[in-house]
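Step one of this worksheet: look at the structure below.
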Amino acid sequence: MPELPEVETVRMGLRPVLEGHRFTKVVTRRGDLRVPFPRDFAKRLTGRKVVRLHRRAKYILADLDSGETLVIHLGMSGRMSVYAEGRARKIGVYVHDVADAEVGNGKHDHVVMETDAPATIVFTDHRRFGLMTLVATGALDQDKLFKGLGPEPLSDAFDVKYLKAALEGKRTPIKSALLDQRVVVGLGNIYVSEALWRAGISPKRLAGSISGPRIAPLLRAIHAVLHDAIAAGGSSLRDYAQADGNLGEFQHRFAVYDRAGSPCKKKGCKGTIKRIVQAGRSTFYCPTCQK
DNA sequence: CTGCACGCCTGCCCGC
DNA sequence: TGCGGGCAGGCGTGCA
């Protein structure tokens, strides 16, 4: 589920129940996520107040008043569910309507956190590629999870000059280069395909072979697809009470992702979307209008 | 250094 | 209905 727009949507949904609130109770159900829970994980969270809820790459970061930061990564299948007390208030993300006894007792519910919002927040991840850990706030950048990450795609640092230099000389396909979190963070398998379609660039083209004049359009395509997706996720938040498990609305607007065999949506293009495999992962593109 | 195949997990969907 | 294979929005490791 989570590339930058989804992670950002989850962050916004967690904000009302986390930021400025205190953990009143934390329970971990099993410890064999990608990174094991650190020692005394629940104890170090309990009683702590979240002073700031932010994001770096695909990580959600909750800075605590103890000088530590709760680091959350959703992996491929991670979910955060928010159960608002008495359902008196509708709160974003997944506001489920289930019996109290079922809250946090699912087979793949790994962490159950209560805050004084009040609310119960459940972290679920059936594939367990996600993680939750604690890192000293001041040392985040040096932590191995964050060291070497590229710039945020929506920051000023991610500009034409940077991208040109980052791709220069790279002999890997542009698809793989943009998935590489050292080049730029936040993009995943969906949005790379979507951005390359918007830019009219073939995913097979070697990164270093993208000519100077095509760098700016690529940058704009990345910006645009992320902005559109964030807006689509955000706009569906408030009526998320029916929680069908999907996040946001953007999946209905995919131009290429998971559309193999369907007509290209580009105006005037008569092409058909094709699926190929690059570095072991699906890529979708239009061979007719992406060069 | 680079690029790539593979493993990590579970669940779902498809074809036989 | 059961079973095997392939697939899934991420990332780290180890290899050539």
Side-chain angles (χ1 to χ4, degrees), chain A residues 1-11 29-36 55-60 71-80 93-94 106-110 123-133 143-150 153 165-197 203-209 222 225-226 228-230 232-233 236 244-261 275-285:
Chain A
M1 153 169 353
E3 299 181 35
L4 187 150
E6 291 74 34
V7 174
E8 189 59 21
T9 301
V10 170
R11 180 179 78 92
R29 298 258 188 257
R30 59 187 293 177
D32 55 342
L33 298 176
R34 179 155 65 88
V35 172
R55 180 191 56 74
R56 171 77 173 112
K58 297 171 190 168
Y59 296 88
I60 294 170
V71 177
I72 303 168
H73 195 287
L74 300 173
M76 291 275 262
S77 54
R79 300 269 157 108
M80 300 297 279
V93 195
Y94 308 97
K107 188 176 171 188
H108 300 291
D109 294 339
H110 303 303
F123 173 62
T124 308
D125 183 6
H126 67 86
R127 292 178 77 180
R128 306 207 299 281
F129 292 168
L131 68 89
M132 268 201 193
T133 192
D143 190 275
K144 77 168 186 275
L145 291 173
F146 301 95
K147 210 161 50 178
L149 287 180
L167 299 182
E168 208 153 45
K170 271 205 176 295
R171 305 198 50 75
T172 194
I174 184 66
K175 158 76 186 321
S176 307
L178 293 177
L179 270 185
D180 185 344
Q181 303 293 296
R182 293 170 301 186
V183 172
V184 59
V185 302
L187 294 175
N189 213 32
I190 291 175
Y191 295 110
V192 167
S193 280
E194 294 295 318
L196 288 172
W197 176 81
K204 295 194 280 191
R205 176 172 287 283
L206 295 189
S209 82
I222 292 168
V225 76
L226 292 178
D228 288 354
I230 290 170
S236 71
D244 59 2
N246 285 317
L247 204 63
E249 297 288 324
F250 197 75
Q251 68 274 16
H252 305 303
R253 308 231 302 268
F254 290 162
V256 288
Y257 189 82
D258 207 19
R259 290 193 67 245
R275 173 186 180 272
I276 58 172
V277 174
Q278 293 179 290
R281 312 202 59 195
S282 291
T283 301
F284 298 89
Y285 77 112

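What you see is a predicted model; the values in this text were computed from it and never measured. Each chain gets a letter, A, B and so on, in the order its sequence line appears, and its residues count up from 1.
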Kindly check if the number of other-residue, nucleotide or ligand heavy atoms within 6.0 Å of CZ (A:Arg171) is above 12?
no
Do you know the tightest heavy-atom contact between A:Ser77 and A:His126?
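Nearest pair, atom of A:Ser77 first, then A:His126: CB-NE2, 3.6 Å.
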Which value, in whole Å, describes the distance between the [atom1] atoms of nucleotides [N] and [M]?
{"N": "C:dG6", "M": "B:dC6", "atom1": "C1'", "value": "16 Å"}
{"N": "B:dC9", "M": "C:dG14", "atom1": "P", "value": "15 Å"}
{"N": "B:dG7", "M": "C:dG5", "atom1": "P", "value": "15 Å"}

Once ring-ring contact (aromatic ring centres under 6.0 Å, His included) is applied, do any residues pair with A:His73, and if so which ones, sequence neighbours excluded?
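For A:His73, the residues satisfying ring-ring contact (aromatic ring centres under 6.0 Å, His included) (neighbours in sequence not counted) are A:Tyr59.
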Send over the distance from [X] [atom1] to [N] [atom2], rounded to a whole Å.
{"X": "A:Phe146", "N": "C:dC11", "atom1": "CZ", "atom2": "C1'", "result": "13 Å"}
{"X": "A:Glu6", "N": "C:dA8", "atom1": "CD", "atom2": "C1'", "result": "14 Å"}
{"X": "A:Asp125", "N": "C:dG10", "atom1": "CG", "atom2": "C1'", "result": "10 Å"}
{"X": "A:Lys147", "N": "C:dC11", "atom1": "NZ", "atom2": "C1'", "result": "17 Å"}
{"X": "A:Asp258", "N": "C:dG9", "atom1": "CG", "atom2": "C1'", "result": "11 Å"}
{"X": "A:Leu178", "N": "C:dC11", "atom1": "CG", "atom2": "C1'", "result": "17 Å"}
{"X": "A:His73", "N": "C:dG12", "atom1": "NE2", "atom2": "C1'", "result": "12 Å"}
{"X": "A:Glu8", "N": "C:dG9", "atom1": "CD", "atom2": "C1'", "result": "16 Å"}

Which residues pass the side chain to side chain contact (heavy atoms under 4.5 Å, CB included) test with [X], sequence neighbours left out?
{"X": "A:Arg275", "result": "A:Ala260, A:Val277, A:Ser282, A:Phe284"}
{"X": "A:Phe254", "result": "A:Ile190, A:Glu194, A:Phe250, A:Gln251, A:Tyr257"}
{"X": "A:Ala166", "result": "A:Tyr162, A:Val183"}
{"X": "A:Gln181", "result": "A:Lys58, A:Leu149, A:Val185"}

For the side chain of A:Glu3, starting at C-beta, report the closest nucleotide among C:dC11, C:dG10, C:dC7.
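Looking only at side-chain atoms, A:Glu3 lies closest to C:dG10.
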Nearest to the side chain of A:Lys58 - C:dC11, C:dG12, C:dC7?
C:dC11
Test side chain to side chain donor-acceptor pair (under 3.5 Å) applied to [X] - qualifying residues, sequence neighbours left out:
{"X": "A:Arg281", "value": "none"}
{"X": "A:Asp228", "value": "A:Arg198"}
{"X": "A:Arg56", "value": "A:Glu152"}
{"X": "A:Arg29", "value": "A:Asn105"}

Scoring nucleotides 8-15 of chain B by protein non-hydrogen atoms under 4.0 Å (B base, S sugar-phosphate only, - none) yields BBBS----
What would the secondary structure line of DNA chain B be in dot-bracket form, counting Watson-Crick and G-U wobble pairs under 3.5 Å, with [ ] for pairs that cross earlier ones and | for pairs with another strand?
.|||||||.|||||||
Kindly indicate, with the supporting measurements, whether the criterion side chain to side chain contact (heavy atoms under 4.5 Å, CB included) is fulfilled by A:Leu74 and A:Asp125.
CA-CA 7 Å; A:Leu74 300 173; A:Asp125 183 6; over 6 Å; no
Dump the pairs, protein N or O against N or O of nucleotides 1-5 of chain B, anything under 3.5 Å, distances to one decimal.
from: B:dG3; atom 1: OP1; to: A:Arg171; atom 2: N; distance (Å): 3.0
from: B:dG3; atom 1: OP1; to: A:Thr172; atom 2: N; distance (Å): 3.3
from: B:dG3; atom 1: OP2; to: A:Lys170; atom 2: NZ; distance (Å): 3.4
from: B:dC4; atom 1: OP2; to: A:Thr172; atom 2: OG1; distance (Å): 2.9

Any A:Arg281 side-chain nitrogen or oxygen under 4.0 Å from OP1 or OP2 of C:dA8
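Answer no for this pair, as no side-chain N or O of A:Arg281 is under 4.0 Å from OP1 or OP2.
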Looking at A:Ser282, does any N or O in its side chain come under 4.0 Å of the phosphate oxygens OP1/OP2 on C:dA8?
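So the side-chain polar atoms of A:Ser282 do come within 4.0 Å of the phosphate oxygens OP1 or OP2 of C:dA8, strictly under.
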